Amino acid sequence: MEAPKLDALIEIDAEGRLHGDAELLAHLMNQTFRLSVEGQTITLRPPVRRLSEIEDAGERAEAYAAFKRQVMRRGGGPIPTTRAELNELVYD
């Protein structure tokens with residue numbers, strides 16, 4: 001299921017408090033993000049976690065699949081899933 005798209009104005013006051021749309025703030029509550037700023041563009045991303053830090057097996061499998069999509073080369077074979085397959089690929 002796709003997350004709902006929220007678009008709202010926010011303000012950070014002089015004390016560092018975040019103000020804005022109640023629905024947006026409720027959606028962001030108790031979450032941690034990595035913020036990057038490049039010129040006029042501000043990007044929020046979830047922090048990167050190691051697979052070993054993800055307790056839920058389904059979430060861990062999804063994160064591993066996303067990692068594989070990022071590192072796969074076009075036309076490349078599958079990523080080895082066992083140490084023996086990795087050794088065979090590297091030392092063959």
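In this text, all values refer to a predicted model and were calculated from it rather than measured experimentally.
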What residues form a side-chain contact (heavy atoms from CB on, under 4.5 Å) with [X], not counting sequence neighbours?
X   : answer
A8  : D21, L24
L44 : F33, L35
T41 : T43
F67 : Y64, V71

*Could I get the full list of side-chain hydrogen bond (donor to acceptor under 3.5 Å, both in side chains) partners for R49, not counting sequence neighbours?*
E59
*Taking only residues two or more places apart in sequence, or in another chain, which ones meet D13 in a side-chain hydrogen bond (donor to acceptor under 3.5 Å, both in side chains)?*
R17, H19
*If a pair satisfies salt bridge (Lys or Arg N to Asp or Glu O under 4.0 Å) and one of its residues is in residues 26-46, list it, with sequence neighbours excluded.*
none
So for atom [atom1], which belongs to [X], do other residues, nucleotides or ligands contribute more than 12 heavy atoms lying within a distance under 6.0 Å?
X   : atom1 : answer
Q40 : CD    : no
E85 : CD    : yes
Q31 : CD    : yes

*Treating Ile, Leu, Val, Met, Phe, Trp and Tyr as nodes and any side-chain heavy-atom pair under 4.5 angstrom as an edge, say whether L18 and V37 lie in one connected cluster.*
yes
*Can you hop from M29 to I10 via hydrophobic side chains spaced under 4.5 Å?*
no
*Report the C-alpha separation of N87 and R83 in whole Å, then their side-chain angles, then the decisive distance to 0.1 Å, and conclude whether the side chain to side chain contact (heavy atoms under 4.5 Å, CB included) test is met.*
CA-CA 6 Å; N87 286 342; R83 183 64 155 182; 3.9 Å; yes
*If you round to the nearest 0.5 Å, how far is CD1 of I54 from CG of D56?*
9.0 Å
*Shortest non-hydrogen separation from R60 to E55 and the atoms involved*: NH1-O, 3.4 Å
